[in-house]
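First the structure, in the form of structure tokens, and then the observations on it.
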Amino acid sequence: MSNPSTERILNGEHSYLTIDGRIGGVVLDQRKHPLPWYVTFAIGFGLLQVMMLAFTWLLYKGVGIWGINIPVGWGFAIINFVWWIGIGHAGTLISAILLLMRQLWRNSINRFAEAMTLFAVMCAGLFPLLHTGRPWVAYWLFPYPSVLGVWPQFRSPLVWDVFAVSTYMTVSALFWYIGLIPDFATMRDKARNRLAQIVFGILSMGWRGSAGHWFRYETAYLILAGLSTPLVLSVHSIVSFDFAVSIIPGWHTTIFPPYFVAGAIYAGFAMVLILAIPIRAWYGLKDFITMRHLDWMAKFMLGTGLVVFYGYLMEAFYAWYSGNKYEQYMMMNRWVGPYAPLYWALIVCNGITPQFLWSPKVRRNLAMLFTISVVVSIGMWLERFMIVVESLHRDFLPSSWGMYAGTIWDWATFIGTIGFFTFNMFLFIRFVPMINMFEMKDLLHKITGRVPAQAITQRAHEAAELAEERA
Amino acid sequence: MSSKNDTNITQRDVLQRLKDRLAGRKGPEYWRSLEELAGSPEFQRFVEDEFPNRSSLLEAMKMDRRSFLTLMGSSIALAGLAGCRFLPAEKIVPYVQAPEDLIPGVPVYYATAAVILGYGVGILVESHEGRPTKIEGNPGHPASLGSTDALVQATLLDLYDPERSQNVSKKGQAATWDAFFAEARKTLASLPAGGEGLRILTGTVTSPTLAAQISEVLRKYPAARWHQYEPAADHNARAGAVAAFGKPVQAIYHLDKAARVLTLDADFLGQPPSNIRYARDFAERRRVRRGATEMNRLYAVESTPGITGAMADHRWALRPGEIEAIARAIAAGIGVRMGADAHQATYPWVDAVARDLAAHHGASVVIPGAGQPPAVHALAYAMNQALGAVGSTVRFVEPVEATPVDHLASLKELVADMRAHRVRALLILGGNPVYTAPADLEFADALASVPFSVHLGRYDDETAATCLWHLAESHYLEAWSDVRAFDGTASIVQPLIQPLYSSRSAHEVLAGLLGDPIPGLEIVKNHWRAGFAGPDARFEDAWRKWLNDGVIPGTAAKPVTVPDAKVPAPTPVVADGYDVIFRPDPNLVDGTFANNAWLMELPRPLTKLTWDNAALMSPAMAVRLGLATREKAYVANNQVVELSYKGRKLKAPLFILPGHADNCVTLHLGWGRTRGGSVCAGKGVNAYSLQTSDAPDYGSGLQIAPTQDRYELVSTHYHSAIDMEGRHPVLWRTFDEYQRSGYAPVAGDEESTPSESMFRTPPEYANYDGYAWGMSIDLNVCIGCNACVVACQAENNIPVVGKDQVSRGREMYWIRIDRYYQGTTEADLENPVTFFEPVPCMQCELAPCEPVCPVGATTHSHEGLNQMVYNRCVGTRYCSNNCPYKVRRFNFYKFSAGQPNNAPGNYDNPTYKLMANPNVTVRGRGVMEKCTYCVQRINEARIKAKEQNRTIRDGEIQTACQQVCPTKAITFGNIHDAGAEVSRQKQEPAKFVLLGDLNTRPRTTYLAKFRNPNPEIGTEKSLE
Amino acid sequence: MAQVFPRSANTLARVSLFCVVAGPLAILLTGSAITRSGFNTKVDVPLDQPVPFSHEHHVNELGIDCRYCHTSVTKSSFAGIPPTYTCMSCHSQIWTNSPLLKPVRDSLATGEPLQWVRVNKLPDFVYFDHSIHINRGINCNVCHGPVHRMQLTYKGKPFFMSFCVNCHRNPEGYLRPREDVFNLYVKYQRGDISAEDRRMLDDPDYVPSPAQVAKGKQLVKEYGIKKAQLTDCWICHR
Amino acid sequence: MDKRDKSQLYGLLAEFGDAEEIVVAAGKAREAGYTRLDAFTPFPVHGLPEAIGFRDVLVPWLIFIGGVCGALAGFGLQYWINAVDYPMDVGGRPFVTWPSFIPVTFECTVLFAAFAAVIGMLMLNGLPRPHHPLFNSDRFGRASQDRFFLCIEARDPRFDGAATRRFLEELGALSVEEVPA
């Protein structure tokens, strides 16, 4: 294909029916699933078992099975939490912010980007709960009238987290489901299998696609998008407060909120690419997820990547500029301390690698794009490691400095959640239309529509006036 | 079923019958059987005798519900039960007849004496319903003055150690006391006339009663012999005295009178049993307050860094063999007539030191070290005489030991006789000679040739395994005895609890052998009644008073006048290869305390090593041997070296210790046990296996070879913090600077707290007019002895976590002692200035830990305490992350239950349950904990004061760390009361706040460290 | 395409949708109701004791002072449970062979202590001190309910933290003059007790009258009680 | 047609081939004076609501109210807990540290608004309604796929079976069918 940026966002000769067929077919015809689906799903399922095992052992023994200690009270659990939450952000960004910006190219990727958000947030949500010493009383973080007469302590960023993450989860789920209703209706009507009819019938809530339905639907959807946009920004800002609010050198910085949000979108787009590139191939969706889409996403990664890199530079600058001996030592420690290799690996992954995306050739080369996305995901995990561990392990009093290393259980938990994510993601692919069909049809109509919309509206108004005169 | 009115059972029979029933049972099973027994009428009557404290065992088992639940329930409760839900239905069991003076829930204190290496330290023991739960010093006792040390504190754990031997055994098979006495009497009877071949081996004996009993044995069996061997005793001092004066006299130092102190390798601040008193006296001359014009000066010459050297104003690290030369030079310098072989000063500073000492005639003192040869001691005596110290800073008194003999000679003689089969029956009363005897004596196989060998000891240890009979010895808290302090003052040792196991004291055993088996109480009481001038009626009063006061007046050792000390000829300095130095371990001493988990885990004062000993050497030496690189010379590496000495080899992990004398290696004794409990067995390496009887303290000719083995040593200072990383956790000045500055505040802008805060504390709190608790820690007198750490552990039910967990940085100490070295040059590295800094929770007024807790488990009280509520904690660890002092500790596992790997010394074990403080919650898994300023003591005092309608007096509340501190470096009180000592200290210019620039406004503040170097030796500038 | 669902499905759908929202809510409410109910708190549930001891008989009818049996209540955190000897000091004279008292006699004979079932239990991380509460004129019934009316002893109040905190926030309503703490029972018996105090003794859900609160404020001053401090965590938890 | 069979008839359903046609058709139907009519499309067609004369501004208001309630609930709860119910000194901070209450307040706002949006939209649309007379039509299934339908209900005062059918056919419907009630 020629230069992706001039390429169309919908390829091939498509009618409404072919769109439905191609996308809905994946779900309705359960027989023709590509082999890769089974392989990946099996792997995901296996890793899910690892996660279950790790969590069972954790609940049985206590957080001591992890590598955490004093001074490093937070380890993998919080690193993974931030990492997953970050990944989630791209979904909401694509579906909400791009919608508000009337970016037509979002239509073909928003559905599974949102699914990705949901599953990533599920993974993330596990950690704050299970990293507590006594998970069975973690419900104390919710405000409820208890016989103790005591309440959560609302100055703590952890309580903010509880609210932010649960709200984010709920709103994303609603947003996702609302987006699905008309497609469920389509599935209901396409389905020949009675069971499918009933299931999709229930899910579609008897959607009939009447003009009134669509009108209210679009209003609500648009406003939801408007709400999700500040929400998604707030969530990662609040996550960053977990650190920024404290006094630990390397945590106590005002740059964290923007820097975290950028990082989140960065990681998120990387994950969308990691998912999109193979799936579009396996399910022959290249017409819908075109090179143009991938190109756009690559550019987004480049942009946010630069913001993140700027964040790293600023951290160093402030450390020097603050004149604060603890901050300065913290920075030196990152550069030459025991964890220096990780720091430099991070700079390579998140700072250097994305620069390749300046070249259109690279952006067009799927293998490269995929690799870069993987590297970036690793880099973002390293970033969280740098922030959480390297700041804690050497703070104020040399006497209480320590080292940290994840144990096998730390790794099992991390890998396990990746399995959990994959497991969910592939169930979704198989049982839910992974691309928004009605929006694609809308898109097709917008591209091919004979009569410009204004004219139609114009005619309608005249009609309405005439009708009133009559009455 | 014996009825109430059959009264002809004496208490002893009852005890005996019970013991017989229990005979041969061990451990938990034994516990169960006691529980079954507890209801039986004889036991009932037995525990209701005239001493209420003795009924404790029964109560512990059946009566004391509330206190018990505090322990058993709390772990359940903390496992997540909020509020009062789903608690198991439980019984509440009253007495049948309540003991007279016991109010359930109110602790009682008894005076007694702890026995450390045969000497006594007066203590008061807190007892809850008869369970000893905490040991405090006895203010009326000369060796304590109200303080104790880590060892004395830890003896409490020994009492409850479930691994103590619990019974009589013959060749490892369970037996009974009756069986033993029967066989023993038969054997004694079978001995040739005069008891030929009967030998008794003891450690240091100061107990008048025991001494009397032994001499009675010797009277009865004239041919019998009494041997003594106490590995960690001050043999050289005795020998030195004999050399200097021709008779064994004992030197007692009065450091409160000393303006200048020179120690010749003497660790007088650390070496039991006199350390507590000496530390106090030393500190009295060292406190610096505004306007102070004098401060004592300490010169230390030492080879192994110890806390004494760390306190010194001038410290020189020398090979032990070189110290005699220094001593001679200084002696010459202060005018001791040395005769022909006057030694020439080898070091520039020698003359300066001599001049300074001489300048303080009568107010200076020279203290020789236990590890130095008799000659050095003789020299020191001579110097003290020349300095006019005798009578002021030094007193010579009659030996406190019942029979002062040369222990090593005595032991050698015994071994020789055993080899020659001249020993038919050997009675080892306490101690563990098979383990502690120098390797070349091969005591074990000599002992094997003794047909009838008996070992009375608290543990089934190496000696127990080698002897025919092993008898369980009672702990000093469960048996009657008496003991003399280092200055001779005698105390009655009264028990607080019935023997937990079927054990007996040496008194009871000897009495049994002498065919007059009466209980310990009568033995001891009879002895003192016999010696008592006056009618019995008065004796009873006196006796009661002795028990009450914990000291027997007028028993201090008599002063003796001594001739001028003869100065021995110089011993030739042999220095081939390297020296090996054998030193008692700072915590385990000679191994006596080896099975004590508290002391095992307690970081050594300087190395901060836990659960291991190591071959200590200087950085330079390690570099020369290629065991370390110059850059990383001060970072502990995991090298293992092979030490070869006099044909014996020993592999030991290497630990590089700044300030260690060059060309020598120190090995701490007391480690590498093969038996004697799971805590000590297999930990560390056995230095005795290199020790020889001709040079028990140190010797030359050591070879060191690196090996390929690696071994992980665990030190709680991950960072050896050779410099202070550009930070100032400790502020210090030289005394001279401080005076010249007109006592200007020590803290500069960088260290002091900003006056502004971003937020306004609610007036309800800010302007609270009640108490405001605060603490002040005087770094100038803190000697880093760790007493506070163990006291806190005992008071607050702090669990032991084991080596693995410590290596993961999960130790649980609420107060830790940070050790900092100053200086970065290589010279510093070889002999750094050392600082100790105790760090408990700072109780910040603007506490960073509080706002980040999501459930409000840590908040502020009106009295300014940073409250930690375990039962509200969900365990996010955010508070600890946000604590700049890192004083919070987290229960990563259920440590209180010995998890993850049955760490010993925890609280769900039936015996340890008895030990725990019922007023402090035992923390469960997954909750944060930290220093509370001993809030249980605060609340107790507040309630008492309210009931008496008064306010709490200054000094009425003592935190555990404050109470135990030998130097009284810690002060606690109400900072709203301007007159309170703590408030006065907070007004001192020397006051500084740790990390003050963070504006956390701690309630715990410090007084700066002062050093008083001799200007002639080179003036130092303090850290700017 | 034909109808997938019958007409009834519409209602069904709406109902089920409602349940999805209301269901969890209902469950939570039931849960909290159960937590607060006697089923969980065991309030008003007499427990099975070795001897059917009646506080009403001993306190109200015979007028025996609380401290006669609960000896350490004024001195210690622990109120104290009477040793067998205390029971026998009377029952060696009266009801000497009542079958009900057999366990007591046996206990004395065998030396086997009586084993009562614990009625009032605090979790072990709560440190309650009887002596100071008595000293501040808090009557037994404030926490233990109408003990003087109990034929069989039962738990008078649910010891929820909120229950303790309520009184620690506004002690005025419950403070009495020290001498009245035990005296009230005597007055009660004699019948010359104020209506307010009678309510306090008898009524488990006693709410102090304004007059009492005013009196209480006086006592707070007198006793020098620092009200604010009473809700500090470490007053009860260590 | 008489009442009876009018009552068992839901309406006439006309099928169109694309978006523009249905808009025109809907407009014509309004001109013809039909009022009870509705159009069904597989995706939102711009101008169609206006064409069938549909107006509704309730949803935004519901969302706004939801948001306001959320904000009040969120901040109110925190204020009440920290100032009224159990004020505690936390790290020397004032009881009401309003800046630290902002995050939770904001999250509550969004949460409540989002619920208002979804629930409001569904209820106003009369959903869920799995059963509907229109589903009796066999062709209606394509309304969610590729066809555009215009339905004139029998309830319409101007509804007249034959005339209306003719009218719809004149609009160029691909098919016109009677949907039984």
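Lettering follows sequence order; numbering is per chain, from 1.
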Original post:
Hey, which of C:Phe160, C:Phe159, C:Phe163 is the one that makes side chain to side chain contact (heavy atoms under 4.5 Å, CB included) with C:Thr41?
Top reply: C:Phe160
Subject >> Lys/Arg-Asp/Glu bridge criterion (N-O < 4.0 Å) met for C:Arg149, C:Glu56 >> reply: yes
Original post:
In terms of heavy-atom contacts, does CG of C:Asp48 have more than 12 from other residues, nucleotides or ligands at under 6.0 Å?
Top reply: no
Subject >> Max heavy-atom pair count under 4.5 Å with chain C, selected residue of B:Lys944, B:Arg942, B:His860 >> reply: B:Arg942
Original post:
With only heavy atoms counted, which part of B:Asn796 is less than 4.5 Å from chain C, the side chain, the backbone, both or neither?
Top reply: neither
**OP:** Find the one option among C:His130, C:His237, C:Arg136, C:Gln229 whose heavy-atom pairs under 4.5 Å with chain B are most numerous.
**Re:** C:Gln229
**OP:** Could you tell me whether the side chains of B:Thr951 and B:Tyr771 share a donor-acceptor contact shorter than 3.5 Å?
**Re:** no
Original post:
Are there residues of residues 93-103 of chain C that reach to under 4.5 Å of chain B by heavy atoms, and which ones?
Top reply: none
Subject >> Part of C:Asp232 lying under 4.5 Å from any heavy atom of chain B >> reply: both
Subject >> Under-4.0 Å salt bridge between C:Asp197 and C:Lys187 >> reply: no
Original post:
At a heavy-atom separation under 4.5 Å, does B:Thr859 approach chain C through its side chain, its backbone, both, or neither?
Top reply: side chain
Original post:
Relative to chain B, which segment of C:Ser131 carries a heavy atom at a distance below 4.5 Å: side chain, backbone, both, or neither?
Top reply: both
**OP:** Sort B:Glu764 into side chain, backbone, both or neither according to what part of it lies under 4.5 angstrom from a heavy atom of chain C.
**Re:** neither
Original post:
For the side-chain hydrogen bond (donor to acceptor under 3.5 Å, both in side chains) test, which of C:Lys217, C:Lys227, C:Gln218 pairs with C:Glu172?
Top reply: C:Lys227
**OP:** Using the six-membered ring of C:Tyr223, assess whether NZ or CZ of C:Lys226 lies under 6.0 Å from its centre and within 45 degrees of the ring axis.
**Re:** no
Subject >> From CG (C:Leu152) to CZ (C:Phe53), nearest 0.5 Å >> reply: 11.0 Å
**OP:** Check C:Asn139, C:Asp65, C:Asn60 against C:Tyr185 for a side-chain hydrogen bond (donor to acceptor under 3.5 Å, both in side chains) and give me the one that passes.
**Re:** C:Asn139
**OP:** Can you tell which part of C:Leu47 gets under 4.5 Å to a heavy atom of chain B, answering side chain, backbone, both or neither?
**Re:** neither
Original post:
Between B:Thr921 and C:Phe125, is there a donor-acceptor pair closer than 3.5 Å when you use the side chain of the first and the backbone of the second?
Top reply: no
